[in-house]
Amino acid sequence: MRFATLALAALLLAACVPRPAHAASGDASYIGEVFMMATSFCPTGSVEANGATVAAASNPSLYALLGTTYGGTSTNFKLPNIKPQGSSALAAEVGGGSGGAMGATSIIWFRKGLRIHDNPALLAAAQGADHLCPLFILDPWFLQPDKIGVNRVQFLLESLADLDASFRARGSRLLVLRGKPQEVLPPVFKEWGVTRLCFESDTEPYAKQRDAAVRQLAEAAGVEVHSSVSHTLYDPQLLLARNGGKPPLTMQAFTKLADAVGPPPAPAADPPEKLPPLAPQAASLDAAASGVPSLADIGYPPAGTTPFKGGETAALARMADYLSDKDWVCAFEKPKGNPALFLRPATTVLSPYLKFGCLSPRLFHAKLQQIYSERSGKHTQPPVSLRGQLLWREFFTLCGSAVPNFDRMEGNPICRQIPWADDPARIQAWEESRTGYPWIDAIMAQLRRQGWMHHLARHSVACFLTRGDLWCSWEAGQAVFDKYLIDADWSLNAANWQWLSASAFFSQYFRVYSPISFGKQYDKNGDYIRHFLPALKDMPAKYIYEPWTAPLSVQQAAGCIIGKDYPRPIVDHAVVHKENMAKMKAAYDAGKAAAGAAAGAGGAAAGSAAAAAAGGDGASSSGSKAGAKPAKRARKS
DNA sequence: ACAACGTTGGAGCT
DNA sequence: AGCTCCAACGTTGT
C-alpha cells in the first residue's frame with residue numbers, strides 16, 4: 001500500500017512523544033514530525049495540523065518543539081494550519097500509477113549523502129521494495145572543468161566507486177547515469193516501473209530548484225517522493241521555524257537555538273546485509289554505460305593531485321584515526337591549531353567527507369558525545385571544540401538556506417556593501433601563487449595541489465585578497481575556492497568569505513592578518529613554504545617570509561632571484577592594509593548612513609545611494625567627548 | 001548610556 | 001609566553 005498520497009491527505013501533525021521504536025533509529029531525542037496521511041483521521045499519538053490553540057501544559061513536548069512559532073502566548077501555542085491540497089487531478093494520477101499490487105520499485109537517488117550508514121532515504125527506499133535501484137546522476141552543472149577542478153571530481157568518483165562496492169557487497173550495484181536530472185529521470189521512471197523516489201533533502205539554491213522540478217515530474221508520473229534530512233544534524237527548516245522564520249546571525253544565537261531544540265537525532269540503523277535487487281530493466285543496462293566513469297570519460301585530466309581519497313570507507317577510517325586519541329579530541333581548540341602542518345594536519349580533514357556525505361554528521365556527533373561522556377565534562381566546548389565545528393557547519397548551512405543571494409554581495413540583506421575594485425590581474429596573481437608573499441603563495445599552492453588547507457591558512461589568504469591587501473571582491477575568492485577545494489560547500493564557502501572580508505558575521509575589520517608574521521609564528525623555518533614553493537627551498541629562514549629583503553648575494557646562493565625566479569610583492573602590505581582599513585571605515589559609515597536614511601524615509605528604500613554618497617556622519621549623534629579616553633577594558637583571565 | 005564580548009590580529013615590550 | 005596598547009566594529013546585557 002502506498003503512503004502519503006497527496007490527494008486524500010488530511011495533513012496531520014504528529015504530537016507523539018518519544019515513540020518507543022522510532023524508525024529503526026532507537027533515537028531517544030525524537031519528538032515528532034509533520035506528516036501527511038492518506039486518511040481523514042489522525043493516528044493515535046498525533047493531532048491534526050489545523051491551526052488549533054493548545055494549552056502548553058497539555059503537551060509540553062510539542063510546545064518545546066513548536067514554541068509560539070505559529071502563534072500563541074506563554075501558556076498556550078498554536079498548531080500550524082496545513083490544508084490538504086485535495087486535487088482530483090492528483091487523485092487520478094495516483095490511481096493510474098504503476099504501484100499498487102504490482103510490487104514496489106524504488107530509486108535511492110544519491111547526490112550528496114554518499115554513504116550507506118545513517119542514510120534514512122536509503123532505508124525508506126528499501127522498505128518493502130521488491131526492487132531497489134541505487135542511482136547517481138552526473139549532472140553537467142557540476143562537471144565544468146573551468147569552474148570545478150579535477151581534485152574534487154576525483155574525490156567524487158572515488159566516493160561513487162566506494163558506494164558501488166558497498167552495494168555490490170549487498171547484492172546490488174550503483175547505477176551512474178549522465179545528464180540533467182530533470183531530463184534523465186522521467187524516462188527512467190517509466191522504463192524501470194518506478195513507484196517510489198527517495199533522496200536526501202538539500203538546501204542549496206540549485207538543489208532546491210532541481211529537486212522541486214524533479215518532485216513535480218515524479219508526482220506527474222505517479223511516483224511517490226520521499227525526502228529526508230540527513231546532511232545536517234538538524235533540519236534547517238525546523239530551526240528556522242523555531243527562530244521565527246529568520247536565521248540567527250551570531251554563533252551564540254545559533255547555539256542557543258540548537259540548545260533549545262535539544263540533541264540532534266541519533267544516526268539511523270545500518271541497511272540490511274542484503275538489499276532488494278535492481279529492477280530488471282535497470283539490471284540489463286550496459287555495465288560500461290551505467291558504471292562509475294573515469295575522469296577522462298567525463299572530460300577531465302586523467303588524475304588529480306590531492307592526497308585525500310574519497311569515499312565512505314576512507315571517511316570512517318579517518319574518523320576512527322583522529323578519534324582514537326581521546327585526549328586530543330577533548331582538548332581540541334580550533335584557533336590553536338597549526339596551519340603550517342601538512343604531513344599530519346592539525347585538524348581532522350573530515351570536511352570533504354562531510355561535504356559529500358561520505359560521513360554522517362550525526363554519526364560524528366554521536367561519537368564525539370560518547371568520548372566526551374567518558375571524560376565526565378572535561379573537554380572543550382563550542383564554538384572552539386570539535387563538536388563546535390559541527391555546529392558552525394549547521395549555523396552556516398542554515399544561513400545559506402534562509403538568506404537570499406547568500407553567495408553574492410548585491411541583493412544579500414546581511415552582506416555589507418563594499419566598493420571592491422575589479423582587478424582580474426590581482427585575482428589571477430593570487431590564484432596562481434604570484435603575489436610575492438611566500439606565506440600566501442604557498443597556501444594557494446597547497447589549495448591547487450591538495451584541495452585542502454588549514455582553516456587559519458584559508459583566513460590568511462581570504463583576508464589578503466579582500467580587506468587586508470588586494471581589495472578584491474570576496475565573490476572572486478569564493479569562486480576560486482569553489483574551483484579547487486575538495487571540501488567546497490556552497491553555504492560554508494559563502495559564509496566564510498563574508499566573515500573574512502568583514503562583510504557579514506564579523507565586523508572587526510581593523511584586525512588584519514599579516515602575510516609575513518602570521519605564518520612565522522607557527523613555522524619559523526618556513527618548511528611549509530619550502531614544500532609548496534620549491535623556488536624558495538634554499539632561501540635562508542631569515543628571509544623566507546620576505547625574500548625581497550634578502551641581499552642579492554643571498555638570493556644568488558639560494559638560486560632564487562627575486563623578480564626572476566620568484567615575484568616581487570604585488571603590494572606593500574604595510575601601506576595598503578592601512579589604506580584598506582580607511583576604506584572599510586568609509587564603507588561601514590556609508591552603510592550606516594544608508595540604513596539611517598532608509599529608516600528615516602519610513603522604510604522606503606529610495607535615496608540610499610545618495611545617503612551613501614554623502615558619507616558624512618549625519619547619522620551619528622554620538623557627540624563623543626574628544627580626548628576622553630574610554631575606560632580600560634578588563635581582560636578576561 | 002555604557003560595558004562586556006566576540007572561535008583564531010599585530011607590534012612591542014618584558 | 002604573556003602583557004599592553006593599537007584604534008575602534010556590532011550585538012547583547014544591564
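Quantities reported herein were computed from a predicted structural model and do not represent experimental measurements. Below, chain A is the first sequence line, B the second, and so on; all start at residue 1.
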Open item on the list: Taking only the P atom of each, what is the distance from B/dC2 to C/dA7 in whole angstrom?
Closed with: 22 Å
Task: Pairing nucleotide - C/dA8, Watson-Crick or G-U, each distance under 3.5 Å - done: none
TODO: Looking at every strand, decide which applies to A/Arg458 at a 4.0 Å heavy-atom threshold: base, sugar-phosphate, or nothing.
DONE: nothing
Task: A/Asp572, CG: over 12 other non-hydrogen atoms inside 6.0 angstrom - done: yes
- [ ] Describe the nucleic acid contact of A/Lys585 in one word from base, sugar-phosphate, nothing, applying a heavy-atom distance below 4.0 Å.
- [x] sugar-phosphate
Task: Nucleotide forming a Watson-Crick or wobble pair with B/dG12, both distances under 3.5 Å - done: C/dC3
Open item on the list: Using the rule side-chain hydrogen bond (donor to acceptor under 3.5 Å, both in side chains), only one of A/Gln381, A/His365, A/His379 pairs with A/Arg387; which is it?
Closed with: A/His365
Task: Rounded distance (Å) that lies between atom P of B/dT8 and atom CZ of A/Arg511 - done: 6 Å
Open item on the list: Please tell me if A/Lys256 has a side-chain N or O lying less than 4.0 Å from either OP1 or OP2 of C/dG13.
Closed with: yes
Task: Between P of C/dA7 and OH of A/Tyr509, the distance in whole Å - done: 12 Å
- [ ] Ignoring the backbone of A/Pro383, work out which of C/dG10, B/dG10, B/dT7 is nearest its side chain.
- [x] B/dT7
Task: Separation of B/dG10 P from A/Gln508 CD (nearest whole Å) - done: 13 Å
TODO: Take the protein atom CZ of A/Arg467 and the nucleotide atom C1' of B/dG10, then report the distance between them rounded to whole Å.
DONE: 13 Å
Open item on the list: Counting only side-chain heavy atoms from C-beta out, which of B/dT7, C/dC9, B/dG10 sits nearest to A/Ser507?
Closed with: C/dC9
TODO: Ignoring hydrogens and angles, tell me if any N or O in the side chain of A/Arg449 forms a donor-acceptor pair with the backbone of A/Thr305 under 3.5 Å.
DONE: no
Open item on the list: Return the CZ to CZ distance between A/Arg467 and A/Phe506, rounded to the nearest 0.5 Å.
Closed with: 5.0 Å
Open item on the list: Using a heavy-atom cut-off of 4.0 Å across all strands, would you classify A/Gln252 as base, sugar-phosphate, or nothing?
Closed with: sugar-phosphate
Open item on the list: Take a 6.0 Å sphere around CZ of A/Arg568 and say whether it holds more than 12 heavy atoms from other residues, nucleotides or ligands.
Closed with: no
- [ ] Could you work out the separation of C/dA8 and B/dG6 based on their C1' atoms and round it to a whole Å?
- [x] 14 Å
TODO: Return the value, rounded to whole Å, for the distance between atom CG of A/Asp469 and atom C1' of B/dG9.
DONE: 13 Å
Open item on the list: Taking 5.5 Å and 30° as the limits, would you call A/Trp392 and the base of B/dT7 a stacked pair?
Closed with: yes
TODO: Pick base, sugar-phosphate or nothing for A/Gln381, based on heavy-atom distances below 4.0 Å to the nucleic acid.
DONE: nothing
- [ ] Provide, to the nearest angstrom, the distance between the CD1 atom belonging to A/Ile516 and the C1' atom belonging to B/dG12.
- [x] 16 Å
Open item on the list: Regarding A/Met251, tell me which of base, sugar-phosphate or nothing describes its non-hydrogen contacts under 4.0 Å with the strands shown.
Closed with: sugar-phosphate
Open item on the list: Starting the side chain at C-beta, find the nucleotide from C/dA8, B/dG10, C/dT12 nearest to A/Thr250.
Closed with: C/dT12
Task: Electrostatic pair A/Arg426-A/Glu431, nearest N-O below 4.0 angstrom - done: no
Open item on the list: What contact category does A/Val512 fall into here, base, sugar-phosphate, or nothing, at under 4.0 angstrom with non-hydrogen atoms?
Closed with: sugar-phosphate
- [ ] Using whole Å, report how far NE2 of A/His459 lies from P of B/dG6.
- [x] 17 Å
Open item on the list: Once you apply a heavy-atom cut-off of 4.0 Å, does A/Lys520 come out as touching a base, just sugar-phosphate, or nothing?
Closed with: nothing
- [ ] Figure out the NZ/P separation between A/Lys592 and C/dA8, and round it to whole Å.
- [x] 11 Å
Open item on the list: For a quick check of understanding: with a heavy-atom distance under 4.0 Å over all strands, which category does A/Phe518 fall into, base, sugar-phosphate or nothing?
Closed with: sugar-phosphate
